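The model shown is predicted, which means the values in this text are computed figures rather than measured ones. Letters A, B, ... mirror the listed sequences (proteins, then strands); counts begin at 1.
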2 protein chains.
Amino acid sequence: MHTLLQHIAQFTTLSPQLAEELRQRAQHHCFGKNELLHTADTVCRRTYWIQQGLVRIYFNKDGKIVTDGFAAENQWMTSAYSFMRGVPDPYAIAAVEPTQAYSLSLEDLLHLFNQFHEMERFGRVIMSAQFLEQSERLNSLRFTSPAEKYQHFCTHYRPILARLPLGMVASYLGITPETLSRVRAKG
Amino acid sequence: MHTLLQHIAQFTTLSPQLAEELRQRAQHHCFGKNELLHTADTVCRRTYWIQQGLVRIYFNKDGKIVTDGFAAENQWMTSAYSFMRGVPDPYAIAAVEPTQAYSLSLEDLLHLFNQFHEMERFGRVIMSAQFLEQSERLNSLRFTSPAEKYQHFCTHYRPILARLPLGMVASYLGITPETLSRVRAKG
DNA sequence: GGTATTTTTTGATTGTAATCAAGTAGCGCC
DNA sequence: GGCGCTACTTGATTACAATCAAAAAATACC
């Protein structure tokens, strides 16, 4: 638990009261390889902070699995739209490796946001960071060739590259496994 | 000014003190058609709330102008990365129509976030909404055909469609003007 | 009102990555 | 250690939108 508190303390002041509330509310989880953190077409009730391990979010597009994102140590993962708006969506989340995580429900978060200005700060800062990260990804998808996409992935996701099957990387990059294979053969 | 305050009050409680601080800090602007709100390769120092009119953000890619986004009445516009991180970036912002806007600097915002929990709430809620909107755009860019992209634009941006040259719409959608023209000819 | 410029349309060709189709290698599991 | 499955590679073909090119329409400007 102290690792989650450390993470939060990087972005906001963490009062003893807030730390205590977080300790009470956060749930700890262990997931085996391929175990689901969240099932498609259900409401995603929790947001997960990955302490150890690696997870992915994906959905089924015309019978093919499309990976939409990854989260490893010290990162957050949830099905954002479903979680924030309380509606089902097509995404599922699964552990790529055995994973340990803490989670909070939306109710927990909203309570903490209400109770603690500093937690509201944390929420704002994290959302801003996610927004900027997503902008960069959008630009990469929009303007770069498959080779550049792969290069970008290698430099920005080096720590997890070796832990992922290439098919997942390909669909995350918006290219086919065949194209990724050819890109790698050349580089 | 009261329109900006109304906008903020939609997302958070607006105390008289916060309203007063906003009145003191927000600057009012009038921009003529094609006038720049922000110049490329400089630090974007302000975020603009559009009271009346229409603006676009764009950059120069290999000699071609690529439109990256629009903001009309009741929407915010800034060059996000530059504004938040205080570094230059290649984006410029220009008025598509004569435009009236209010603006806040990062210093203003950070002061207000510090001073007022309710303003920090507003920041978090707006960033969350922007994040979800961007996710939807990312999915549209990634998975849909030019015709579907245009359809999506028509349904989600109807109020501004008629106010924009098609070339701007095309580059926003990540397709060429020729392709957009052909899509429109068919539908 | 007429000229100049920009925007939009239409047509022909090309390039790139997707698709289709095998085949090979790697790995988990008994 | 061998079987069976999944992951990855390689090759041939196709589809789609980009590019190149030019004409037509709309708009701005004197």
#### Entry: Carboxylate-amine/guanidinium proximity below 4.0 Å for A:Arg23 and A:Glu20
yes

### Query
Which nucleotide sits closest to the side chain of A:Pro146: C:dA17, C:dT10, C:dT9?
C:dA17

### Contact summary for B:Ser128 and A:Met127, nearest pair of heavy atoms
OG-CG, 3.5 Å

### Task
Please check the phosphate of D:dC8 (OP1 and OP2 only) for any side-chain N or O of A:Ser181 closer than 4.0 Å.
no

## Note on the structure
Judged by nearest nucleotide, the residue sitting upstream toward the 5' end of DNA chain C, B:Arg182 or B:Pro165, is B:Pro165

### Query
So what does A:Ile175 hit on the nucleic acid, given a heavy-atom distance under 4.0 Å: a base, only sugar-phosphate, or nothing?
sugar-phosphate

### Summary
Of D:dT9, D:dA17, C:dT9, the nucleotide closest to the side chain of B:Glu178 is C:dT9

#### Entry: Closest heavy-atom pair and its distance - A:Ser82, A:Thr42
OG-O, 3.7 Å

### Query
Rounded to the nearest Å, what distance is computed from the OH atom of residue A:Tyr150 to the P atom of nucleotide C:dA17?
16 Å

### Query
Could you state the CG-P distance from A:Leu180 to D:dT10, rounded to the nearest angstrom?
12 Å

### Message
Output the rounded distance in Å from CZ (B:Phe143) to C1' (C:dA17).
### Response
16 Å

### Query
Pick the nucleotide of DNA chain D nearest each of B:Lys33 and B:Thr179; which residue has the one closer to the 5' end?
B:Thr179

### Query
With the threshold set at 4.0 Å, does a side-chain nitrogen-carboxylate oxygen contact exist between A:Glu148 and A:Arg142?
no

### Query
Please give, in whole Å, the distance from D:dC5 P to A:Asn34 CG?
17 Å

### Message
Heavy-atom nearest nucleotide on DNA chain C for B:Leu164 versus A:Lys64: which residue maps closer to 5'?
### Response
B:Leu164

### Query
Atom CD of B:Glu148 and atom C1' of D:dA17: how far apart are they, to the nearest Å?
14 Å

### Message
Just the rounded figure in Å: distance from P of D:dA7 to CD1 of A:Ile65.
### Response
11 Å

### Task
Check whether any side-chain heavy atom of A:Arg137 lies under 4.5 Å from a side-chain heavy atom of A:Tyr172, and answer yes or no.
yes

### Task
Take atom CZ of B:Arg142 and atom C1' of C:dA17, then tell me their distance rounded to the nearest Å.
15 Å

### Message
So, OP1 or OP2 of D:dA17: does either fall under 4.0 Å of a side-chain N or O from B:Thr176?
### Response
no

### Query
Which whole-number value in Å describes the distance from B:Leu141 CG to D:dA17 C1'?
15 Å

